[in-house]
Peer 1: 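Could you have a look at this structure, given as structure tokens, before my questions?
Atoms within a ligand are numbered from 1 in the order they appear, just like the ligands themselves.
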Amino acid sequence: MRTPIIAGNWKLNKTISEAAALTTALKASVANVSDVEIIVAPPFTALAAVNEVIADSNIRLSAQDVYSEDSGAFTGEVSAPMLKDVGCEYVIIGHSERRQYFGETNESVNQKVKAALAHDLKPIICVGEQLEERETGQTEVIIEDHVTGGIAGLSAAELLSCVIAYEPVWAIGTGKTATPAQAQEVHSFIRELLTKTYSADVASQLCIQYGGSVKPENASELMSQPDVDGALVGGASLEAESFAQIVKFG
Ligand code: PEP
């Protein structure tokens with residue numbers, strides 16, 4: 001019922017020529033895939049070049065962040081209309097690295113989500129607990145805080161233009177993956193939360209991705225969980241072969 005979404009977050013990697021080469025190789029490897037939404041999220045500088053390579057392909061373009069204002073005196077920022085103009089369909093918002101290093105909060109995430117939606121960009125909203133929070137039994141409190149804070153004020157239709165990515169911070173870039181059961185537990189918690197705040201129908205339609213050291217070896221097992229609808233992939237998306245294998249998890 002829900003189409004799996006596999007997104008590659010390239011973070012602070014790839015020059016324009018490297019990004020174009022990676023995308024060219026990926027495009028060839030996944031050309032026959034039609035049952036998965038495939039997304040790449042290059043750095044801002046490579047968006048235009050990657051957009052040219054993916055024209056008429058089954059790969060969609062995402063940015064890694066957006067600013068909440070459309071224009072003005074905000075040096076260094078990039079707005080939703082600019083991302084739309086360069087060909088983005090999606091934008092990652094609230095990644096844990098932005099929360100950790102750049103002071104992103106639930107409030108700023110929510111403002112960015114609204115700015116993205118106002119310009120027809122689909123937000124991929126990242127939520128996730130730190131290791132200490134998991135170890136002290138706070139996972140659900142943190143997830144509820146991130147989810148409700150990030151989507152505050154959205155209509156059901158707006159929510160359904162979003163993707164939620166559950167990314168336990170302790171699993172990002174560490175090689176430690178959540179077990180399929182751990183991922184399923186949190187994904188199902190998020191769906192229950194949305195059932196309470198929206199409806200069972202809305203919650204059942206929303207795509208919830210897992211992120212955190214997803215690799216070709218663990219993708220299939222994670223994605224076989226009933227509430228895991230895809231993956232947000234960091235490290236393993238930097239090579240066409242490993243990302244293509246994850247895309248073809250089924
Ligand atoms: C990420 O950046 O969202 C991520 C999950 O990274 P990695 O796959 O490298 O853990």
Peer 1: Against heavy atoms of Gly212, which atoms of ligand 1 measure under 4.0 Å?
Peer 2: 5 (C), 10 (O)
Peer 1: If we check side chain to side chain contact (heavy atoms under 4.5 Å, CB included) with Leu194, which of these qualifies: Thr148, Val202, Val147?
Peer 2: Val147
Peer 1: How does the hydrophobic cluster around Phe102 look, that is, which other residues are in it when side-chain heavy atoms under 4.5 Å mark a link?
Peer 2: Tyr101
Peer 1: Assess whether atom CD of Glu221 is packed by more than 12 heavy atoms of other residues, nucleotides or ligands within 6.0 Å.
Peer 2: no
Peer 1: Testing the 3.5 Å rule here: is there a donor-acceptor pair between the side chains of Gln182 and Tyr166?
Peer 2: no
Peer 1: Check contact between Lys215 and ligand 1, using heavy atoms of the residue and a distance below 4.0 angstrom.
Peer 2: no
Peer 1: For ligand 1, which part of Ile172 has a heavy atom less than 4.0 Å away: the side chain, the backbone, both, or neither?
Peer 2: both
Peer 1: Does ligand 1 have any atom that is closer than 4.0 Å to a heavy atom of Ala171?
Peer 2: yes
Peer 1: Look at ligand 1 and say whether Gly173 reaches it with a heavy atom at a distance under 4.0 Å.
Peer 2: yes
Peer 1: For atom 2 (O) of ligand 1, find the nearest protein heavy atom and state the residue, atom name and distance (0.1 Å precision).
Peer 2: Lys11 CE, 2.6 Å
Peer 1: Should the ring pair Tyr67 and Phe74 be called parallel, tilted or perpendicular, given that the plane angle runs from 0 to 90° and is split at 30 and 60?
Peer 2: tilted
Peer 1: Counting only heavy atoms, which portion of Cys126 has something under 4.0 Å from ligand 1: side chain, backbone, both, or neither?
Peer 2: neither
Peer 1: Are any of the N/O atoms in Glu97 less than 3.5 Å from those in ligand 1?
Peer 2: no
Peer 1: With a 6.0 Å cut-off (strictly less than), is the heavy-atom count around CD of Gln100, excluding the residue itself, greater than 12?
Peer 2: yes
Peer 1: Below the 3.5 angstrom mark, is there an N/O of Gly235, backbone or side chain, next to an N/O of ligand 1?
Peer 2: yes
Peer 1: With Leu47 as reference, evaluate Val40, Ile16, Leu61 under the side chain to side chain contact (heavy atoms under 4.5 Å, CB included) test and give the passing residue.
Peer 2: Leu61
Peer 1: Quick one: nearest non-hydrogen protein atom to atom 4 (C) of ligand 1, plus distance?
Peer 2: Gly234 N, 3.6 Å
Peer 1: With heavy-atom distances below 4.5 Å as the criterion, would you say the side chains of Trp10 and Val50 are in contact?
Peer 2: yes
Peer 1: For atom 1 (C) of ligand 1, which protein heavy atom lies nearest, and how many Å away is it?
Peer 2: His95 NE2, 3.2 Å
